[in-house]
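Working notes, structure below.
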Amino acid sequence: MANRITLTQFLIEQQRELPGVSGTFTLLLNDIVTACKKISHLVNRGDLIGVLGSAESENVQGEVQKKLDIITNDIMVNALNWTGHLSGMASEEVDDIIKIPSQYPKGKYLALFDPLDGSSNIDVNLTVGTIFSILRCREGIDPTLEDFLQKGGDQVCAGFVLYGPSTMMVLTTGHGVNGFTLDQDIGEFILTHPNMTIPDDTGEFAINISNQRFWEAPVQRYIDECLKGEEGPRGKNFNMRWVASLVAEVYRILTRGGVFLYPLDSRDPSKPGKLRLMYEANPVGFIIEQAGGACSTGQERILDIKPASLHQRVPVILGSKDEVERIVDYHRQG
Ligand code: FBP
């Protein structure tokens, strides 16, 4: 344990190696860390403090919100709006851009977040998380929607926090992927998983198979071949997992490889997928690529998409590069 470093020390040392860095970014990340520590505490206490269950209200996605969806959103907003590092925010739980109150200075970054990912799991005590994406912005302005609609490839930083058996943060600033475990005794995230990388090959897939009848032919073909195992064209057996928490699926893939699909399906043509581009697909896509994996819609690289709206949904296929490329190839073949 002796030489393990804290997240703050890691960031400061990483920033020292980068030209022209002011340190504001490290302060912004520390604000996000403080918010996630508060959320970790609340999630852990659950029914002891009455924060489980539904809030009887709907978000812009038309989903019934959990009490913790709203509470965690407020924690993120209140931890970030006064600091002077941001010009604006966007959240899965809020329809429009979240403006910085006029009494506070505005900074040179934008923060986009899913305050409680996997919220359908919160009442059944399974892993949930917070996902965030940081973009650059002209300093001191009131940002417009156009300022937010930047490609995922332009992200400055992306991360997620897992509230599971242990609380972990996974982070990239475009220089690889590192994992940190929250030491509850000292209240600090400690670097425990340096330079996380995803094996190119895998024998594990994750998809909600109950939607199979709605999938397109390329995904039907891919999953069918996996299920046929060593008797089939792949000549090897595959295992399946589905946690229904994107953060948990991505962390498993960062740890032991695998491929995750929430593909396009025919249920509702106005929704070309379930996951949201700006605060789910883009941040996990950046992390996956920085760890040597790939992230696609099946037709195009997620990080190349020019966003059209704040809560835009996209099909997501991510993980071990060889499998993602095989699925993309099946789409090309039609
Ligand atoms: P939210 O919980 O933030 O709405 O995220 C969506 C999500 O829960 C992902 O975390 C997960 O991968 C997926 O939806 C699960 O979908 P389904 O309920 O269809 O299995």
Side-chain angles (χ1 to χ4, degrees), residues 35-36 39 42-43 51-55 57-76 89-95 111-133 158-164 168 170 204-215 219 223 240-254 258-268 271-285 287-288 295-297 302 310-319:
C36 291
I39 294 173
L42 278 183
V43 165
V51 294
L52 299 186
S54 288
S57 56
E58 271 193 11
N59 64 15
V60 63
Q61 334 275 343
E63 295 158 343
V64 175
Q65 292 174 304
K66 299 286 183 184
K67 289 181 191 168
L68 274 170
D69 282 324
I70 297 169
I71 295 169
T72 56
N73 182 67
D74 294 346
I75 289 174
M76 290 292 283
M89 296 176 257
S91 166
E92 177 181 320
E93 301 306 328
V94 181
D95 302 16
L112 302 92
F113 46 84
D114 176 356
L116 196 71
D117 175 61
S119 48
S120 68
N121 280 333
I122 193 68
D123 295 346
V124 291
N125 200 19
L126 286 174
T127 297
V128 292
T130 297
I131 310 174
F132 61 90
S133 168
F160 62 81
V161 176
L162 276 169
Y163 311 111
M168 291 199 67
V170 172
E204 195 163 64
F205 68 90
I207 195 165
N208 182 339
I209 211 137
S210 68
N211 300 327
Q212 183 163 28
R213 64 193 181 285
F214 304 116
W215 299 335
V219 173
I223 297 298
M240 192 201 122
R241 286 284 181 273
W242 187 250
V243 189
S245 271
L246 177 63
V247 284
E249 317 277 7
V250 171
Y251 185 75
R252 184 188 62 245
I253 289 171
L254 286 167
V259 62
F260 165 93
L261 303 90
Y262 213 114
L264 182 72
D265 71 41
S266 58
R267 271 175 297 183
D268 177 349
K271 290 184 182 166
K274 172 165 185 178
L275 302 178
R276 282 50 61 127
L277 176 63
M278 301 303 288
Y279 41 78
E280 290 176 322
N282 273 342
V284 298
I287 290 166
I288 290 285
C295 186
S296 171
T297 64
I302 292 265
L310 216 45
H311 302 287
Q312 172 180 352
R313 297 169 187 261
V314 288
V316 175
I317 298 163
L318 62 79

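Numbering of ligands and ligand atoms starts at 1, following listing order.
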For ligand 1, the portion of E93 having any non-hydrogen atom under 4.0 Å away: neither

L246 and D114, any side-chain heavy atoms less than 4.5 Å apart: no

Proximity to ligand 1 by part of E92, non-hydrogen separation under 4.0 Å: side chain

Numbering as shown, the atoms of ligand 1 that approach W242 to under 4.0 Å (heavy-atom distance): 15 (C), 20 (O)

Nearest heavy-atom neighbours spanning T72 and P115: OG1-CB, 3.4 Å

Closest protein heavy atom (residue, atom, distance) for atom 18 (O) of ligand 1: K274 NZ, 3.4 Å

Numbered atoms and elements of ligand 1 in range of N208, under 4.0 angstrom, heavy atoms: 17 (P), 19 (O), 20 (O)

Residues, nucleotides or ligands: over 12 heavy atoms within 6.0 Å of N125 CG: no

Proximity of D114 to ligand 1 by residue part, where a heavy atom lies under 4.0 Å: side chain

Close-contact set for ligand 1 against S119 heavy atoms, below 4.0 Å: 2 (O)

Heavy-atom closest contact (A206 atom, R252 atom, distance): CB-NH2, 3.4 Å

Closest protein heavy atom to atom 2 (O) of ligand 1, given as residue, atom name and distance to 0.1 Å: G118 N, 2.8 Å

Parallel, tilted or perpendicular: rings of H311 and Y279 (30°, 60°): perpendicular

Min N/O separation V247 to ligand 1 under 3.5 Å: no

Closest protein heavy atom (residue, atom, distance) for atom 12 (O) of ligand 1: L246 N, 3.4 Å

Distance-only N or O hit between ligand 1 and N211, under 3.5 Å: no

Note, I39 side chain near M76 side chain (heavy atom, < 4.5 Å): yes

Contact check, L116 vs ligand 1, heavy-atom distance below 4.0 Å: yes

Element-labelled atoms of ligand 1 that are located less than 4.0 Å from some non-hydrogen atom of E280: 1 (P), 3 (O), 5 (O), 6 (C)

Rounded distance (nearest 0.5 Å) linking atom CG of L112 with atom CZ of F132: 12.0 Å

S133 and N282 side chains, donor-acceptor separation under 3.5 Å: no

Closest protein heavy atom to atom 19 (O) of ligand 1, given as residue, atom name and distance to 0.1 Å: Y262 OH, 2.6 Å

Polar atom proximity, S120 to ligand 1 (N or O, under 3.5 Å): no

Check: L275 and F260 side chains under 4.5 Å, non-hydrogen atoms: yes

For V247 against D117, the heavy-atom pair lying closest together: N-OD2, 3.1 Å

